[in-house]
> 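Sharing a structure below in structure tokens format, with a few things to ask.
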Amino acid sequence: AAAAGPLVRQYEGAARGRGVAAAGWRVCLAHRFEEPRQPYGAGDVPLRDVLRHIGLVLRYFRWWYKKTRIEKKSAFIDLLCAVPLQQIYGCPLGGIGGGTITRGWRGEFCRWQLNPGLYHYETVIADQFTVCLRCKGQTVYQQVLSVERPSTLQGWNWGYCGHYAFYHALYPRAWTVYELPGQNVVLTCRQVSPVIPHDYKDSSLPVGVFIWEVENGRDEDVDVSIMFSLQNGTGTKEDRSGGHWNEPFAFEKEGERVAGVLLHHCTRVNPFTFAISAREKAGTGVTHLTAFNPAGSGREVWQDLLQDGRLDSPAGKSSPTEKGEVTAAAVCASCRVPAHGHRTLELALAWDMPRIHFGSKEKLHLRRYTRFFGSGGDAAPALSHHALTHYEEWEKKIEEWQKPILENSQLPSWYKSALFNELYFMTDGGTIWVELPPDCCAEDLQGPAGAGLSHLLPVLREYGRFAYLEGQEYRMYNTYDVHFYASFALVMLWPKLQISLQYDIAVTVLNEDVQPRQYLMCGQTAQVKLKNVVPHDIGDPDDEPWQRVNAYLMHDTADWKDLNLKFVLQVYRDYCLTHDSLYLRDMWPVCQAVMESELKFDMDNDGLIENGGFADQTYDAWVVNGASAYCGGLWLAAVCTMCKMAEVLGDAEIQQKYTDILSKGKEAFERMLWNGKYYNYDSSGSDTSVSIMSDQCAGQWFLGACGLDQGEFEV
């Protein structure tokens, strides 16, 4: 009631003509559930809308209270405790599905996603790079490369002047240039993550590499040290839960040696190990500090480095932390840079959380990289070594991928930037990539009704299972209505992951979940998942994805008009790009099943589906009634691809069936929606029917991607 009160008063204000209409009010706690198509005039709010929206608010609040206060879980969409917007984030670290650590463009380590799909927004101040310059045996400059001035570690020299630093990012790499004031020395930190198209091994690794290029503009040699410090943890209360400990390590293989510190974070669920390390080579020394208190002044660390540009490198493990304590470690790489010369120091961060549980803690999952580095929790040294000895190969492949686009003068620079930098979500979308259990059989995956998917098990066994969130605050995996758009990045760069994802969706299509639940928008109760319809999503990472699907409970998406169509369009698009005929044959019965489910929405048998007078598609706050440009266009495109798939597979009966539907549907689409200039939003005749919706072209766009947008196939 307390939550609903302000909204009730807002409606009352509108009804009494108090000017609320001028704001074009939003309903349901300022969230975009179902907004009026036009701002109401004073006194124009229908009573039924008042009651409907009050009911929605109360249903949401009751659900939110039960979820967060009784079940002690976080809400998959939290309207009451939204994360404040901070425009601080830069290029994230890590490959696909092993967790991500995001650095801000000012160098801070500020966003963490190690527990799968769950984000923690916290800048950990001890996680820093520090530079020490020495000339003729004396330290002449020592500075934390951060503009911060924190209340802890006050024995360190903070407050680097941001005027002397520059940041650039082209995902999956980033560059920070530091022109050390008054020193005639320039540092460039190049950050690299293994995000490599068509690579299904290194692209899964939870690592990031920092290559420090040092340019000495002085007339004398300079000894340069870069210290990398890291707290044991991610800035959560678990950092102080006790039992965490650190130890030095060295790992040598094929004549290459790396050394550093392991930070063991020993939580009850999803324990992990950080590794900070540097590459030893001729002229480069690596030293370490096993443990220090990041909540103190840090003076002993600072003086240790200041004394000789190196750390003391004590042997042995640190003692486990007591409850309430926090610990950190540091590694330092040092070299001599000749006058007017150039040298390189290479450091890495790796994290090893191989065995994971989602929020329900029901099933154990192994991350993809465990196929190559093991699941024993001891892979951090090998991961560090692999990263520091392979990053040059990664960069070569990244440059070969990006260069043709970057050098294409026909493409605007904003497009090039967006094309690569928006790909960060492929790894930092709460992304998870897990192996199938070794004892998993086809029956375990298929459920009662999925036996026809003959290549399901081989595909998932070879390439694992992939999922990413709709958004970091819209916590649903593989939300299918929007994956429809994002899927181009997946199928063009990692096509086997798209195929794997589609098999998971197909299994879900063919099965059902008869559990009842109340949907918040309408208040009605229906089962979670119907058979032969595409799910909205494959679950919440705070529950048990793949096992319990459709975390979205705003609408009953069984009646959405676009999900089934988007599955069919993606199947044919995937086939066009991969030429995988086995995949097409497996998906063909599933496509037929979802199209049969969709045909019931053609109420008048004119070959065109109709929307139901509510928000029954991805634009889940927009009411659509009758024939519509968006869903109608998707329908015709899906019918078109059904004709084409039937032709490829030699299914003449189905081809004729959908050819007839397409002919009727195209005529109805033109007759009911074309107004002489564009297609109307819908055919309802309401005030909003003549709105122009850019996504009326979505179906045609998908056909264009498949080479089917001309001649007989143009819809």
> Measuring centre to centre across the rings, with the benzene-like ring taken for any Trp, is Y477 within less than 6.0 Å of Y468?
no

> Could E512 and K529 be called an ion pair, given the rule that one side-chain N must be under 4.0 Å from one carboxylate O?
no

> Quick one: pull up CG in L708 and CD in Q700 and give me the separation to the nearest 0.5 Å.
9.5 Å

> On the 0 to 90° scale, with breaks at 30° and 60°, tag the F567-Y480 ring pair as parallel, tilted or perpendicular.
tilted

> Which pairs, with at least one residue in residues 561-585 and sequence neighbours excluded, count as a salt bridge (Lys or Arg N to Asp or Glu O under 4.0 Å)?
K561-D616, D562-K566

> With R367, which residues qualify under salt bridge (charged side-chain N to carboxylate O under 4.0 Å, His left out), at least two apart?
none

> State the NZ-CZ distance between K72 and R69, to the nearest 0.5 angstrom.
7.0 Å

> Hey, is R475 close enough to D540 for a salt bridge, meaning N to O under 4.0 Å?
yes

> As an exercise, state the distance from OH of Y369 to OG of S203, rounded to the nearest 0.5 Å.
15.5 Å

> Could I get the full list of salt bridge (charged side-chain N to carboxylate O under 4.0 Å, His left out) partners for K201, not counting sequence neighbours?
none

> Is the H455-Y503 ring centre distance short of 6.0 angstrom?
no

> According to the interplanar angle, ranging from 0 to 90°, do the rings of F61 and Y65 count as parallel (below 30°), tilted (30 to 60°) or perpendicular (above 60°)?
tilted

> Within the 4.5 Å heavy-atom criterion, are W63 and L553 side-chain neighbours or not?
yes

> Can a salt bridge be assigned to the pair R548 and D513 using a cut-off of 4.0 Å between side-chain N and carboxylate O?
no

> Quick one: do E667 and R671 make a salt bridge, cutoff under 4.0 Å?
yes

